[in-house]
There are 2 protein chains.
Amino acid sequence: MIHLDHRDGRPIYQQILDGFREQIRAGVLMEGDRMPSVRELATQLAINPNTIQRAYRELEFQGWIASVAGKGSFVCGVPQSDAQELLQAFDKLTTTLLSMGIPARELAARIEKGGEDHA
Amino acid sequence: MIHLDHRDGRPIYQQILDGFREQIRAGVLMEGDRMPSVRELATQLAINPNTIQRAYRELEFQGWIASVAGKGSFVCGVPQSDAQELLQAFDKLTTTLLSMGIPARELAARIEKGGEDHA
DNA sequence: GTAACTGTACTAACACAGCTAATACACTTA
DNA sequence: TAAGTGTATTAGCTGTGTTAGTACAGTTAC
């Protein structure tokens, strides 16, 4: 379920975009699942259908979903480029933290701590 | 030296903000160092002084620099809140990557790889 | 074939943020 | 006094985000 926060600085279509990306990454939405229709989600979130469509168009362009006129929009999965970008962000963040003097052991320890559910 | 990229989606004042934060984190700018004056940097970057001032005001509010009328702006260092926020971002990113099935060992290995200069 | 649902496209209009421009004032230093 | 600092204010332009309204084409079930 997508949740909008008007205090969030990000535009609405971006929040929708990020929300679905997170759900697909987490496996809440899986390959083949049907996305809510543009009009249905617009009504539910009390916003304009055009804003939903903009998010969907972007999701399709990036390879997260596939839209078929008359049928609906369907989840494709996590595009290859996404994992690559996240790992790149991880490296950059790691480099910054190390340059600030935070020991590599502490970062490694945090990975174990956060990954208890996935160990 | 701050570098602006007009293809970057971030507004100019944000790029300046981030640029100085990175320089202070990396130790390029150290506590007590003098920041370039509002007008000087504006001329150098060919933008309006107000835009620089906006970035400086924010930097001062967040505790990165201290400004004194008539004298200039001076580096304070990395605020405590910053390291905390970066570690929080690290945890969130780590959780996402683990949820996508990337093994903790691979992330740990990347830390070592990126931290060779700081080991 | 018709109705009801899908996605898609387009135009117009409004609000707000980012940025510029111009000006002014107060403080510090030589 | 002059030249350099930071700071404040107002006005205006521009682009982006969003809404509103309308329209068209494809799919599905009756």
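Chain identifiers are assigned alphabetically (A, B, ...) following the order of the sequence lines, protein sequences preceding nucleic acid strands; residue numbering begins at 1 within each chain. The model shown is predicted, which means the values in this text are computed figures rather than measured ones.
Between A:Leu41 atom CG and C:dT8 atom P the separation is 14 Å, expressed in whole Å. Atom CD1 in A:Ile65 sits roughly 10 Å away from atom C1' in C:dG7 (whole-Å rounding). Between the P atom of C:dG7 and the CG atom of A:Leu59 lies a distance of 13 Å, rounded to the nearest Å. The separation between B:Ile52 atom CD1 and C:dA21 atom C1' is 15 Å, rounded to whole Å.
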Short heteroatom pairs, N/O only, protein and nucleotides 17-19 of chain C, under 3.5 Å:
unit_1, atom_1, unit_2, atom_2, d
C:dG18, OP2, B:Arg54, NH2, 3.0
C:dC19, OP1, B:Ile12, N, 2.2
C:dC19, OP2, B:Ile12, N, 3.4
C:dC19, OP2, B:Tyr13, N, 3.4

Donor-acceptor contacts, no H, no angles, side chain residues 38-47 of chain A, under 3.5 Å, sequence neighbours left out:
unit_1, atom_1, unit_2, atom_2, d
A:Glu40, OE1, A:Ser37, N, 3.4
A:Thr43, OG1, A:Arg39, O, 2.9

Validation: residues 19-26 of chain A side-chain donor-acceptor distances under 3.5 Å, sequence neighbours left out:
unit_1, atom_1, unit_2, atom_2, d
A:Arg21, NH1, A:Gln62, OE1, 2.6
A:Arg21, NH2, A:Asp18, OD1, 2.6
A:Gln23, NE2, A:Met1, O, 3.4
A:Arg25, NE, A:Asp82, OD2, 2.6
A:Arg25, NH2, A:Asp82, OD1, 3.0

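Legend: salt bridge (charged side-chain N to carboxylate O under 4.0 Å, His left out) pairs involving residues 83-101 of chain A, not counting sequence neighbours, sorted by first then second residue: A:Asp91-B:Arg110. Each salt bridge (charged side-chain N to carboxylate O under 4.0 Å, His left out) pair with one or both residues in residues 64-74 of chain B, not counting sequence neighbours, would appear here, but there are none.
For A:Ser67, the side chain to side chain donor-acceptor pair (under 3.5 Å) criterion is met by A:Ser73, not counting sequence neighbours. The side chain to side chain contact (heavy atoms under 4.5 Å, CB included) check on A:Asn50 picks up A:Asn48, A:Gln53, with sequence neighbours excluded. Under the rule for a side chain to side chain contact (heavy atoms under 4.5 Å, CB included), the partners of A:Asp8 that lie at least two apart in sequence or sit in another chain are A:Asp5, A:Arg10, A:Gln15.
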Reading nucleotides 6-15 of chain D from the 5' end, what letters show protein touch, with B for base, S for backbone sugar-phosphate only, - for no heavy atom under 4.0 Å? BBBB------
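Side chains of A:Ile102 and B:Leu86 form no contact here, defined as non-hydrogen atoms less than 4.5 Å apart.
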